[in-house]
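Okay, so here's the structure we're looking at.
Worth saying up front: this structure is predicted, and the values here are computed from it rather than measured.
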Amino acid sequence: MKSPLYYFKKSLSTKLSLWIVIFTAVILVTALGYMFNVSRQAIRQEAENHATEILENTTLRVNAILERVEVAANNTDWLITRHLDGPDSMFVYSRRILENNPDLNGCSIAFEPGFFKQKGRYFSAFSLRDNGEILTTQEGNEHYEYFYMDWYQLCKLLDRPVWTEPFIDYNPENIYSKDMIASYCKPIKDKNGKYVGTISVDLSLTWLSNTISAVKPYPNSYSIMTGRGGTFFVHPDSTKLFYQTIFTETLEHEDTALTALGHAMQCGEEGMRQLLIDGQECYVFYKPLGTTGWSVAIVCPESDIFGSFNRLRRAVTIAVLAGLLFLLLVSIRIITRELKPLRQLADQARIIAKGNFDETLPESKRVDEIGQLSQSFSDMQRSLAGYIEELKQTTAQKASIENELKVASDIQMSMVPRIFPAFPNRPDIDLYASMTPAKEVGGDLYDFFVQDEHLYFCVGDVSGKGIPASLFMAVTRNLFRIVAQQGHTPEEIATQINLILSHDNEQNMFVTMFIGCVDLKTGHLDYCNCGHNAPLIDGQFLKLQYTNCPIGILEEAEFHGESIDDIHGRQILIYTDGLNEAENPQKQLFGDERLQELMEKALSLNSEQVIDMLKEAVERHRNGAVPNDDLTLLCLKLIK
């Protein structure tokens, strides 16, 4: 298929018509572009004002409710302090707060253990609004020790009124709220200023969520509310409520804009940010809620704000394109008619230039130069046709092989852990690993997992390279995972893997491995080195008492394990010989000495930084040379 530029250069009528259309298009695009830009800015400003006003009204309404909660607690505080000698009056005050404030869900007036000796160890006057009825009871028992609850302890420890994060107050032996609630808690003090208890006024989060979720400045906009730690309290996706924070998605996919928004909301800032949410450009308007530490935001998709504008722009664009196309066709027709005599001359020359390699040229009986030229063209056509067909077959075969190798590489890489941090819920484990095959697929392997507070890990190097090594690697990795999950020691794991791999091993393939098991509670490391390179601990090569033979050579081989009492705070690097035996263009090795020097300087780095540093050092050493072996690295440090 010939490119449009070919026809543009070939036809004078097309060139003249295109120049006319291009000049017209430049004028129209400039004028319409300026108009659209001004219109878009005006629409955006109007949207910002509209959303900001709605958000302001919403926060005012919510703050008014929150203030009523605080006022209810503060107005009752002096009554409680005045009647500290009358415990039964607390039931009246607790119930009265709910009677006077229909928006409130519950109220607890709780005292220190044994404060009222006649009431025993527990005394908390609790009132609850349940289906329009107010229930009052004394809460507190061996199964519900209220004075250990957050709503009781927070204001006691901080010595000031405080809003709690939303929670479910579960008390199976008494009445309790079935809704998620947030409490305003205030310390109760006697005349001497000594803390004696807490008054807690509860607000139903269901009511608060409905109030905030009802705010929809645009059809597809929605509202969210986060707590002090960024936890979602209001969100259209119910799966994210209370279990995810605004930062959760950034753990898997880094998003600096979303992270910055979360920090701004945590800090109680107010404003507007534009960012990508679920693959869609959105404008987020956010504002704090009083002194609670919470923040509310309205998320408005850009498609809603600029929906009408975009539809108008598309309609105008289609109309302009249709007009330009019509202008082009009319111009070509008029100019072609005027240049018809020149076209007739061009047609005579064009016949000579046409050719189709799939059809045979007519035979020429002439023997002069024209006949010889015709015969040469015919021979060239047949040669080119055969060459092109052969090239197509070769290209198709090569593409098929490359595709199969790419699939094999993807499958192999998917067999080893690739998501880091490997254990995001275990800050005591700093582990990072990397595997770089020398070819499309390789024979190195690594694996790790945590089971019953023990971290099992291994690094291996299969003899040979390419597809046979990759298949042997896949079998070895699966055997390690299966055997290790049975709770065996490293030497037992090596023994069982060796029995399976050495049986019927007609290709005489083997694998060197370093297998380890760490007790995460004590830091005790058991390991078994099976003909593998000695690892480095704190920048020094580990002195091995037993090197053992590689796995897969001898079915009756015995494997001996060793141990280290405590590796907390110690940096361990396990690698394959693709590191220390990496070659540069002059065939010089990277070497153990250089490796040891680098690791002695890397003691302050975390595991990921160590791996990245070593890979960069190998690349600099190779200086463009093709990798001579697979490179696998695993760095581990237990943090106390």
Side-chain angles (χ1 to χ4, degrees), residues 62 64-156 161-188 196-211 233 242:
V62 174
I65 297 299
L66 298 179
E67 288 176 3
R68 288 209 297 271
V69 174
E70 296 176 6
V71 168
N74 295 336
N75 288 346
T76 307
D77 180 51
W78 72 273
L79 284 171
I80 298 172
T81 304
R82 187 174 179 181
H83 296 89
L84 288 177
D85 56 346
D88 292 335
S89 62
M90 305 305 164
F91 295 104
V92 177
Y93 301 148
S94 172
R95 186 180 187 89
R96 186 179 299 169
I97 287 179
L98 299 189
E99 291 174 345
N100 296 336
N101 298 274
D103 297 326
L104 303 186
N105 187 69
C107 175
S108 294
I109 303 177
F111 291 87
E112 288 283 82
F115 182 77
F116 296 112
K117 299 188 183 308
Q118 67 272 32
K119 295 295 185 178
R121 176 176 173 81
Y122 308 98
F123 185 80
S124 174
F126 175 57
S127 295
L128 173 69
R129 191 184 305 278
D130 186 15
N131 295 324
E133 181 182 359
I134 299 177
L135 307 176
T136 302
T137 184
Q138 175 177 327
E139 63 179 352
N141 50 58
E142 293 180 355
H143 302 287
Y144 184 78
E145 296 184 314
Y146 59 83
F147 35 79
Y148 293 133
M149 301 299 175
D150 285 349
W151 60 264
Y152 188 91
Q153 287 286 335
L154 277 177
C155 64
K156 177 181 179 180
V162 63
W163 277 94
T164 68
E165 297 285 271
F167 65 97
I168 293 180
D169 192 25
Y170 180 66
N171 185 359
E173 297 189 3
N174 209 331
I175 60 172
Y176 65 93
S177 175
K178 306 303 186 297
D179 293 336
M180 186 73 69
I181 59 175
S183 298
Y184 174 73
C185 306
K186 184 177 181 181
I188 302 172
V196 297
T198 293
I199 177 172
S200 172
V201 182
D202 306 332
L203 182 65
S204 171
L205 203 66
T206 301
W207 174 89
L208 190 60
S209 175
N210 293 337
T211 300
F233 299 152
F242 311 111

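When all heavy atoms are compared, the tightest approach of C155 to V162 is N-CG1, 3.8 Å. I188 and T198 get closest at one heavy-atom pair: CD1-C, 3.6 Å. Between P87 and Q118, the closest heavy-atom pair is CG-NE2, 3.5 Å. Nearest heavy-atom pair across D202 and C107 is OD2-N, 4.1 Å. Nearest heavy atom pair, residue S127 against residue T136, reads OG-OG1, 3.0 Å.
Considering only residues two or more places apart in sequence or on other chains, D103 meets the salt bridge (Lys or Arg N to Asp or Glu O under 4.0 Å) condition with R68. The ring-ring contact (aromatic ring centres under 6.0 Å, His included) test applied to Y122 returns F147, not counting sequence neighbours. Judged as a ring-ring contact (aromatic ring centres under 6.0 Å, His included), and not counting sequence neighbours, the contacts of Y184 are W163. Listed by chain and number, the residues in a side chain to side chain contact (heavy atoms under 4.5 Å, CB included) with M149 are Y144, W151 (sequence neighbours excluded). Under the salt bridge (Lys or Arg N to Asp or Glu O under 4.0 Å) criterion, R95 pairs with E99, not counting sequence neighbours. Checked against salt bridge (Lys or Arg N to Asp or Glu O under 4.0 Å), E70 has no partners two or more places apart in sequence or in another chain. Scanning for salt bridge (Lys or Arg N to Asp or Glu O under 4.0 Å) contacts around D88 gives K119, with sequence neighbours left out. Considering only residues two or more places apart in sequence or on other chains, N105 meets the side-chain hydrogen bond (donor to acceptor under 3.5 Å, both in side chains) condition with S177.
R129 CZ to I97 CD1: the interatomic distance, rounded to the nearest 0.5 Å, is 11.5 Å. The CD1 atom of I80 lies 9.0 Å from the NZ atom of K186; values are rounded to the nearest 0.5 Å. The distance from the OG atom of S200 to the OH atom of Y152 is 11.5 Å, given to the nearest 0.5 Å. In this structure, the separation between CD on E112 and CZ on R121 is 10.0 Å, given to the nearest 0.5 Å. A distance of 8.5 Å separates CG in N74 from CD1 in I199, rounded to the nearest 0.5 Å.
Within the 3.5 Å criterion, the main-chain N or O of A182 finds no donor-acceptor partner in the side chain of T164. No donor-acceptor distance shorter than 3.5 angstrom exists from the side chain of S94 to the backbone of F91, with no hydrogens or angles considered. Although no hydrogens or angles enter the test, the distance criterion places no donor-acceptor pair under 3.5 Å between the side chain of S204 and the main chain of I181.
Residue pairs meeting the salt bridge (Lys or Arg N to Asp or Glu O under 4.0 Å) criterion with at least one partner in residues 132-150, sequence neighbours excluded, are absent. Sorted by first and then second residue, the pairs that involve residues 75-84 and meet side-chain hydrogen bond (donor to acceptor under 3.5 Å, both in side chains), not counting sequence neighbours, are H83-Y93.
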- Hey, mind stepping through L84 and F111 against side chain to side chain contact (heavy atoms under 4.5 Å, CB included) and telling me if it holds? CA-CA 10 Å; L84 288 177; F111 291 87; 3.6 Å; yes
- Query: Does the pair L203 and I65 meet the rule for a side chain to side chain contact (heavy atoms under 4.5 Å, CB included), with working shown?
  - Reply: CA-CA 9 Å; L203 182 65; I65 297 299; 4.0 Å; yes
- Please lay out, stage by stage, how D85 and F116 fare under the test side chain to side chain contact (heavy atoms under 4.5 Å, CB included). CA-CA 8 Å; D85 56 346; F116 296 112; over 6 Å; no
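With 3.5 Å as the limit, one finds no donor-acceptor pair spanning the side chains of Q153 and Y146.
Aromatic rings from F123 and F115 are positioned such that their centres are separated by 6.0 Å or more.
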